[in-house]
*Asks:* 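Please find one structure pasted underneath; my questions will follow.
Every chain is numbered from 1 and lettered A, B, ... according to where its sequence line falls, protein lines coming before strand lines.
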Amino acid sequence: MAPSSSPTLLPRLFRRLRSLWRSATGGRAVELPVLFARFQAVLAAKNRALEIITDMGEKLGGDYLFDINYTQGAYALLFEAMEDAVSAFSRLTDNRYPELAEVLARIDGLIRRMLTSAGPGSNKLVLFHDDITWDLAGEVGGKNYQLAVLHNELKLRVPPAFAISTAAFDEYLQHNGLTGQLAEMGDETAGGEAALAAMRRAVLAGSLPPDFAKALAAAVRKMRSRCGRHCRLAVRSSADEEDGFFSFAGQFESILNVDCTESAVAAAYRRVVASLFQPDAVAYQRHLGYGLGRVKMAVACVAMIEAEVSGVVYTAAAANERDTMLISAAWGLGPGVVDGLTDADLYTVRKGENPQLLSVRVGRKELMVVRSEDEGTATVATPVELRSKSCLTESQVLELARRAMTIEAFYKGPQDIEWAMDGQGRCYFLQTRGLRLGEEEDAASAAAPLPPEDLPVLMRNRGSVVQHGATAGRVFILQHVDDLDRVPRGSILVARHDSPHFVRVIPFVNAIITDLGTPTSHMASICREFAIPTVVNTGDATTVLTAGQEVTLVADSGGDCTVLQGVAHELLRRQRRGAANMRQVYEYRRQKYIMRYIAPLNLVNPLEEEFTAQRCRTFNDMIRFMHEMSVQALVEGAVRQGNGLLKFFGRQRAVRRLKIDLPLKMLLVDLGGGVAKEAGAEVTFDELTSVPLRAVLQGMMHPGVWHEEGVALRGRDLMASMTRAADLGNAGATAGYNVAVVSREYVNLSLRFGYHFSMLDCYCGDQPRNNHIFFRFVGGAASITSRSLRLRLMATVLAEYDYVLKITGDLLVARLSNIGSDEVCRILNQTGRLSVYVKQLDAQLDSEESADRLAREFLRGNYTIQP
Amino acid sequence: MSQFSIMVIDDEKIVGSMARLSLEKEGYDVETFLDGESALKRIKEKFFHVVITDFKMKGVDGLEVLRTVKRLYPETAVIMITAFANLDVAIEALRDDVHDFFPKPVKIKELKASVERALKKFKESHES
């Protein structure tokens, strides 16, 4: 072993050292600089991906004219960046998460199929809801998918159900020779009633392809074994875009009370599919730019429960009343409420940790919908003793409200939920979909005081405003639904009941006013989609207003409605024109849809069990996962190396703790020059030599930014992280905690304050062109309102420091580059202040005004938080 | 409802549909076409105050649309949008008196502002 001559001494010694070091570090360790270079490669690729995502979000957001060349080009670049990120990540983590490449391939497959309008990816014809996974959304349609989510993810009570997929639909059309017939009809003849009637007849007369029939028979058998021989089903539409941007509310047939046999379900299936070609439904599809045959029909077969009461929850009453929930309920089955067949009970609830019942309006429920003896339903007179009895008790209303809030929180937006309650008071969820509310801006303008008009008032403050707005036109009183074809364009449609049939004229009329109806009906959903001013349940509009009369309707977002005689020109002129709703453009929607698999962030908290590669559903999830695991891999690598070196030399340390006057525990990984040479295992602020980390910490320690009264609480909050962080031997121990990877000019800082996660990446050297700050913030836990207000406050402050900002849902991304080091330090200091300041806000953030006020105070250097 | 008519020509339907929706909101009458031939056929029947056209289209391209429109109606403002922006095209279009030239994706707000400028110019020349 002894060196024989000096030229060979060094290499041999080095080899010996390396082998000793490898054995000390378990043989797997990669040198820290190599590890860091890999870490940087992940960071660079995912930052590139984030830049493209941000650009796509902006360009596809409705403010730009773009074409498929843009979308395809941008996506190609994004995919390349994601591929680079995944392969760099795989090198960094020694391919510890091979599933991530599979997730990338799955998402890529979904997006490419969307961009090329290709058919479904799998060929599953029938699936039970338990087997529906996130990537099958398009194949089982909105209704099936959302029910599966309620059951599989939120663990809410949903009746057993199976889906008949869009692949089955394609097979059915193909098998019966209807694909060609559809193509021959083309878009232009789509409205031809005779052609549509022929299509419906052909669908109803079709036979199931053998593999489809076999799959259906097996599903029916399974359903009977689960729910009993006498189980009945609701067979409902679940078209591929249904419950996406547009609701399709009430457009397709639902067959209730279907016998759970193969023949009965097949017959109901044909009826639901045939309803795709009903004139009303075709009219609706055409309004949304769908050519005939573009909408593919999946079907949901849901076990029926013995519903004693059914109804709908709107988790937000209006755009400016997001804290109030609206619950309608009627005896019997759902159509009583959703088709506006009866004057339902209406409950309003103030949302919050302890929801409060604000008001109850018991309707005159003269009619109710019940199961027929055989198949289908019947509308019967409600027993007299039940008519004016409230369907729900206060505790039932509040329990329902709590669950609805869970659903809303999951979807991060207001929901339109159908539910039913059985005789034992068990509540089942039957559907959820995004609730369309008017835009906030429009609501604000509509709520502005109206200028006085010298016109006679015909009606004031009657009924419920479904969609706000001001408009004028001539009254058309609808006596019978058959008269819909005679409604002139630009009319004010006045009718006794609301009805989903109105869809035929909704895009052409200026407003709708009804005597009866609920703000939670299918028609109401559609009026909101098309932003047609609508007021329901006025009691007597059909008698107060007369046919041909010229009137102005003012329905404001505060819920007040006024009908004036004549045209209030000045008032209409002042009505701000709303932004065009680009979602009405079919091609736009198709391209915009891909963002569903790109932008949303579902994976937030690395401490949750769900924080795994398999749970990534979007590119943003993947980026979040890779970031967290990259930091962890780097720290673990450094620990291994540090431990190895410790054994070897007994003094070097690669991972240290920061000893600092802040109620948080931070680990330091020094890549070189970030910590003074003489520093030990615990590094004081003075021993820190990393320029950017010093600047951020100075901001975080700034006098007044931490509030005395909050520290005790925060201390408890952070105790867990302190304990966990101490045990670095465990894999995953660093996940979600505060880690700073530093060099003299560089910091990558992952911070976790409670449910807030932020990542700051900064290079701060002598050359301004090399300098950058990248700051990402995700905030959870609080209500949707406070979360968005918190981001609003942060955006206001960060914009002041010239950050380029983008907010997507709960995520804020801020970037700055090409600035001198002094300026970088100044901005880092402010960013440090802001990141601890916002953590302490919650109750104080109750309105946009409060967010703006606190932002102003922050910028003035006043960090006092007053309720 | 408006005295101003706008024509939009682009071989991708999405561009025409989005432009129509945003410009109709402003109160303009909008007609959309998917190719230069059918657009020029219509131009011969009706005066449009503004023509917004894609540059690169099969058959009759944006430059040909520009020249024909300017020959028939010197007062019509032509706005050219293109995904393949290059200086030569822009210069050629400028020589042919294009009102504005935008690379795709185009910010709708900027397009609207350009239309408004063109219409203002049109109104002023008629008032004087």
Side-chain angles (χ1 to χ4, degrees), chain A residues 52 54-75 115 117 187 286-291 294 439 441-442 469 471-473 489-490 507-508 510 530-531 569 572-573 575-594, chain B residues 1-2 4 6-30 32-35 38 50-58 61-62 79-86 89 100-116:
Chain A
I52 302 169
T54 307
D55 185 66
M56 289 177 81
E58 188 181 352
K59 299 287 158 48
L60 304 185
D63 293 332
Y64 283 80
L65 289 186
F66 62 90
D67 56 21
I68 191 77
N69 291 320
Y70 167 75
T71 316
Q72 283 174 339
Y75 179 69
L115 286 175
S117 302
D187 289 1
R286 292 187 82 192
H287 295 322
L288 299 179
Y290 293 107
R294 272 184 178 163
E439 296 298 316
E441 267 183 313
D442 290 352
T471 185
R489 273 177 178 263
F508 307 123
N510 282 2
F530 287 94
H569 293 285
L572 295 177
R573 198 183 62 76
Q575 273 286 307
R576 203 174 66 82
R577 284 177 200 281
N581 183 1
M582 289 302 170
R583 288 173 174 175
Q584 289 173 27
V585 177
Y586 169 78
E587 293 77 11
Y588 171 76
R589 287 199 305 279
R590 291 310 296 184
Q591 295 188 43
K592 169 106 183 162
Y593 271 160
I594 70 167
Chain B
M1 65 183 180
S2 155
F4 294 121
I6 299 176
M7 169 183 271
V8 184
I9 318 163
D10 198 301
D11 52 7
E12 272 212 53
K13 202 171 168 191
I14 185 170
V15 177
S17 306
M18 288 179 78
R20 177 206 286 270
L21 209 56
S22 5
L23 294 168
E24 280 184 347
K25 276 267 171 193
E26 300 300 312
Y28 306 126
D29 288 328
V30 183
T32 60
F33 296 86
L34 289 168
D35 59 86
S38 51
V50 178
V51 171
I52 300 169
T53 180
D54 189 17
F55 163 67
K56 196 175 175 185
M57 295 182 289
K58 277 188 195 144
D61 70 5
I79 298 172
M80 186 98 68
I81 50 175
T82 175
F84 309 92
N86 76 53
V89 175
D100 228 333
F101 195 95
F102 291 102
K104 274 192 211 167
V106 190
K107 197 155 198 180
I108 292 171
K109 218 183 204 173
E110 288 173 15
L111 187 68
K112 280 187 195 167
S114 179
V115 167
E116 276 166 32

*Asks:* Would you say Ile108(B) and Met582(A) make side-chain contact, with heavy atoms under 4.5 Å?
*Replies:*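 The answer is yes; the side chains approach within 4.5 Å.
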*Asks:* Taking every non-hydrogen pair under 4.5 Å, which of Ile68(A), Asp63(A), Val585(A), Asp67(A) racks up the most with chain B?
*Replies:*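 Most heavy-atom pairs under 4.5 Å with chain B: Asp67(A).
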*Asks:* If you round to the nearest 0.5 Å, how far is NZ of Lys107(B) from CD of Glu58(A)?
*Replies:*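 Going from CD on Glu58(A) over to NZ on Lys107(B), the span is 6.0 Å.
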*Asks:* Give the minimum heavy-atom separation between Tyr70(A) and Pro105(B), together with the two atoms involved.
*Replies:*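 It is CD1-CG, 3.6 Å.
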*Asks:* Examine whether an atom of Leu111(B) lies under 4.5 Å from a heavy atom of chain A, and if so say whether it belongs to the side chain, the backbone or both; otherwise answer neither.
*Replies:*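 Side chain only.
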